[in-house]
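Working notes, structure below.
Just so it is clear: chains get the letters A, B, ... in the order the sequence lines come, proteins before strands, and each one is counted from 1.
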2 protein chains.
Amino acid sequence: MRPLIHPSIEDISVEGILHALSDPVRAAIYMELAVSSGASTCSDFLQIKERNIPKSTLSQHFRALREAGLIRSERQGVEMFNTTRCSEIEQRFPGLIPAILKAHAVQAAHGAKRKRAAGKAKAG
Amino acid sequence: MRPLIHPSIEDISVEGILHALSDPVRAAIYMELAVSSGASTCSDFLQIKERNIPKSTLSQHFRALREAGLIRSERQGVEMFNTTRCSEIEQRFPGLIPAILKAHAVQAAHGAKRKRAAGKAKAG
DNA sequence: TTCTATAGTTCATATGTTGCGAACTATTGG
DNA sequence: CCAATAGTTCGCAACATATGAACTATAGAA
């Protein structure tokens with residue numbers, strides 16, 4: 001089993017970060033990791049955004065986030081603990097991650113608003 | 001020939017923006033458009049980042065940027081004029097585009113530094 | 001050690017996306 | 001109408017992604 005790859009901070013690229021976070025599932029995972037104080041395992045995300053994600057797919061998504069330099073994964077016994085590398089990335093690309101997280105929050109808020117409006121329209 | 005599609009501002013998604021800008025060529029195009037005051041045609045980018053991009057590929061890249069909501073394209077005679085939709089996006093996702101542009105700038109500066117260091121190492 | 005359970009990874013493959021040359025469309029000016 | 005210029009679309013090869021099946025790694029029990 002190949003060892004986990006964590007790029008060094010200067011090998012992290014903007015394109016890599018944007019690509020990793022341009023997938024809705026990965027963005028959701030990353031947001032949860034960024035918000036939650038502690039570390040989270042892979043399996044914590046088998047359900048995300050009202051969808052079931054197969055384990056193999058999740059594993060690939062975690063690999064993508066890891067190799068983009070967004071998260072750090074460490075084995076602890078039988079599970080894998082994942083944490084963000086937010087503060088490192090903040091050093092290299094100040095403001096980038098916060099801006100993306102904020103934009104996602106704006107979009108989620110706006111999406112909820114539209115959903116309510118659509119429901120009202122249907123009901124009324 | 002199908003008409004050009006420009007999503008309305010509320011249909012622009014974070015994922016779409018990140019995906020569009022996660023490609024190095026598109027990111028370079030967008031940066032030039034953002035920096036240049038006026039509008040630019042497609043063909044202004046046949047050479048970018050020391051690479052020749054085929055016209056058909058460029059056309060696809062412009063379409064990707066357009067349909068992600070990042071640029072507006074308008075026909076003027078035989079050419080196409082492209083402008084960014086920065087200010088609109090700034091309304092919907094404040095700070096997102098500036099943060100990405102800044103991160104790209106940081107990366108370009110850092111890349112140049114590493115290149116010089118590599119050159120020195122080879123020379124010395 | 002061997003057996004079992006759990007958490008993730010890797011493989012094979014089907015499906016989706018991208019890059020680019022060739023052929024095409026749209027516009028302008030003889 | 002013809003030619004030139006600027007972009008677009010088509011078709012296909014190359015690359016990427018999602019997922020079930022098979023596998024590896026670790027812990028605990030017997």
query = Quick one: is B:Ser43 getting a side-chain N or O under 4.0 Å of the D:dG7 phosphate, OP1 or OP2?
reply = yes
Nearest whole angstrom, please: distance from the [atom2] of [N] to the [atom1] of [X].
X: A:Phe81; N: C:dG8; atom1: CZ; atom2: P; value: 8 Å
X: A:Leu4; N: C:dT9; atom1: CG; atom2: P; value: 7 Å
X: B:Lys55; N: D:dT5; atom1: NZ; atom2: P; value: 10 Å
X: B:Met80; N: C:dT25; atom1: CE; atom2: P; value: 17 Å
X: B:Phe62; N: D:dG7; atom1: CZ; atom2: P; value: 8 Å
X: A:Glu74; N: C:dT9; atom1: CD; atom2: P; value: 14 Å
X: A:Leu46; N: C:dT9; atom1: CG; atom2: P; value: 12 Å
X: A:Arg63; N: D:dA18; atom1: CZ; atom2: P; value: 12 Å

Passing option when A:Leu4 is tested against A:Met80, A:Glu74, A:Arg75, A:Arg72 for side chain to side chain contact (heavy atoms under 4.5 Å, CB included) = A:Met80
query = Can you tell if the side chain of B:Cys42 reaches within under 4.5 Å of the side chain of B:Lys55, non-hydrogen atoms only?
reply = no
inquiry  = Between A:Tyr30 and A:Ile100, is there a side-chain heavy-atom distance shorter than 4.5 Å?
reply    = no
remark   = In B/S/- notation (B base, S sugar-phosphate only, - none; protein heavy atoms under 4.0 Å), nucleotides 25-30 of chain D written 5' to 3' is SBS---
query = Is it true that B:Arg63 and B:Glu67 have a side-chain N and a carboxylate O under 4.0 angstrom from each other?
reply = yes
key: ring pair (Phe, Tyr, Trp, His ring centres under 6.0 Å) partners of residues 56-98 of chain A, not counting sequence neighbours, each pair once   = A:Phe45-A:Phe62
task = Give a yes or no answer on whether the side chain of A:Asn82 reaches the backbone of A:Thr41 with a donor-acceptor pair at less than 3.5 Å.
result = no
Return the polar atom pairs (N/O with N/O) between nucleotides 14-20 of chain C and the protein under 3.5 Å, or none.
unit_1	atom_1	unit_2	atom_2	d
C:dT18	OP1	B:His19	NE2	3.2
C:dC20	OP2	B:Thr57	OG1	3.2

ask   = Partners of B:Pro98 by side chain to side chain contact (heavy atoms under 4.5 Å, CB included), sequence neighbours excluded?
value = B:Glu90
Mind listing the side-chain donor-acceptor pairs of residues 5-12 of chain A below 3.5 Å, one per line with the distance, residues two or more places apart or on another chain?
unit_1	atom_1	unit_2	atom_2	d
A:His6	NE2	A:Ser73	N	2.9
A:Ser8	OG	A:Asp11	OD2	3.2
A:Asp11	OD1	B:Arg114	NH1	3.4
A:Asp11	OD1	B:Arg114	NH2	3.4

key: side chain to side chain donor-acceptor pair (under 3.5 Å) contacts touching residues 15-24 of chain A (sequence neighbours left out)   = A:Glu15-B:Gln107
